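Numbering of residues begins at 1 and proceeds along the displayed sequence. Just so it is clear, the structure is predicted and the values come from calculations on it, not from any experiment.
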Amino acid sequence: MKKTVFLIAVLCCISFFSLSAQTNGKYGHVNSSEILKSMPGVDSISIKLQAFQSELQGMYESYMTEYQTKKQKFDKDAGTMSSTVRQIREQELVDLQNRIQDFQNGVQQDIEEKQYELAKPFQDKIQGAIDSVAKEYQFNYIFDTQILLYYDGGEDITPLVKKKLGIK
């Protein structure tokens with residue numbers, strides 16, 4: 001019984017000191033979006049993304065042109081086709097429609113993946129600079145103001161991170 005009470009008391013003390021240490025930490029916040037916008041070369045993300053979207057748009061238009069051509073030919077020749085040929089042509093149109101639908105469903109995901117791929121090197125540089133500033137100035141926590149709902153206090157390290165990255 002005494003051991004149990006002693007163990008509970010020790011655990012309570014450890015919890016108290018652990019919480020005290022955490023609440024006395026040094027907090028900072030950074031606006032990573034602002035930093036990203038001001039990084040040299042970041043405008044290339046938009047240019048490359050627009051080129052990728054144009055490529056996808058061209059593929060879509062090509063699919064639609066192919067579908068419309070086949071559909072018009074089918075409609076024109078439908079009266080003279082045997083039932084077997086008609087079924088085959090109808091199935092070709094359905095298959096093409098399904099490919100177009102699959103393409104449309106995957107486009108948004110492809111664009112998001114491309115955007116992530118293009119932005120990742122910049123985000124990695126920002127994260128590296130944030131890590132470096134946090135260690136250099138002994139911050140326990142750094143929060144991004146873009147995803148915080150409320151913050152009061154802490155130190156804005158955005159200028160320090162920009163300086164670390166060589167951004168004015």
Side-chain angles (χ1 to χ4, degrees), residues 14-74 90-168:
I14 290 172
S15 296
F16 174 76
F17 288 118
S18 175
L19 288 174
S20 295
Q22 288 177 357
T23 58
N24 292 331
K26 190 171 177 185
Y27 297 91
H29 52 88
V30 65
N31 187 335
S32 63
S33 178
E34 176 187 326
I35 295 169
L36 181 64
K37 288 177 187 175
S38 61
M39 288 182 76
V42 78
D43 52 342
S44 69
I45 292 174
S46 297
I47 294 167
K48 290 176 182 176
L49 195 59
Q50 286 174 352
F52 182 69
Q53 288 173 325
S54 293
E55 179 183 333
L56 293 175
Q57 181 66 29
M59 292 173 68
Y60 175 74
E61 289 171 2
S62 174
Y63 278 137
M64 289 306 296
T65 301
E66 179 184 356
Y67 176 78
Q68 289 169 352
T69 301
K70 286 186 177 187
K71 177 74 170 124
Q72 287 172 354
K73 182 165 176 41
F74 175 81
E90 285 176 350
Q91 188 58 48
E92 286 177 358
L93 287 172
V94 169
D95 291 345
L96 187 54
Q97 281 179 324
N98 289 338
R99 283 198 330 243
I100 292 170
Q101 186 65 40
D102 291 344
F103 179 80
Q104 287 175 319
N105 292 339
V107 164
Q108 186 59 39
Q109 182 178 350
D110 291 346
I111 290 171
E112 289 172 5
E113 287 173 0
K114 187 67 168 181
Q115 186 173 14
Y116 174 79
E117 173 189 318
L118 294 171
K120 185 158 179 25
F122 294 97
Q123 292 170 337
D124 289 347
K125 282 183 182 179
I126 292 171
Q127 186 61 53
I130 291 170
D131 293 347
S132 179
V133 167
K135 287 177 184 166
E136 185 177 335
Y137 292 91
Q138 300 176 343
F139 284 95
N140 295 72
Y141 300 96
I142 302 292
F143 299 98
D144 194 328
T145 58
Q146 296 303 301
I147 53 175
L148 283 178
L149 299 177
Y150 174 81
Y151 64 96
D152 184 21
E155 188 174 332
D156 185 4
I157 66 163
T158 302
L160 297 173
V161 173
K162 281 184 170 182
K163 182 179 177 183
K164 184 68 76 178
L165 290 168
I167 300 171
K168 294 182 179 185

Distance col, row F139:CZ vs E155:CD, nearest 0.5 angstrom, shows 4.0 Å
May I ask you to check whether Q72 and Q68 show a side-chain donor-acceptor distance below 3.5 Å?
no
Any chance NZ of K70 has more than 12 other-residue heavy atoms, nucleotides or ligands included, within less than 6.0 Å? yes
Contacts of E117 meeting side-chain contact (heavy atoms from CB on, under 4.5 Å) (sequence neighbours excluded), chain-then-number -> K114
(message) Check whether K162 reaches the backbone of E34 with its side chain - one donor and one acceptor, N or O, closer than 3.5 Å.
(response) no
For the residue pair F143 and Y141, does the interplanar ring angle fall in the parallel (under 30°), tilted (30 to 60°) or perpendicular (over 60°) class? parallel
For K120, the salt bridge (charged side-chain N to carboxylate O under 4.0 Å, His left out) test, sequence neighbours excluded, returns D124
Subject >> S54 side-chain N/O to Q50 backbone N/O, donor-acceptor pair under 3.5 Å >> reply: yes
Rounding to 0.5 Å, atoms CZ (F52) and CD (E113) come to a distance of 8.5 Å
Next item on the list: Determine yes or no for a side-chain-to-main-chain donor-acceptor pair under 3.5 angstrom, with T65 supplying the side chain and E61 the backbone.
Entry: yes
| task | Compute whether any side-chain donor of one residue and acceptor of the other, for D144 and S32, lie under 3.5 angstrom apart. | result | yes
I45 and A119 have their tightest heavy-atom pair at CD1-CA, 3.7 Å
### Message
So for atom CD, which belongs to Q138, do other residues, nucleotides or ligands contribute more than 12 heavy atoms lying within a distance under 6.0 Å?
### Response
no
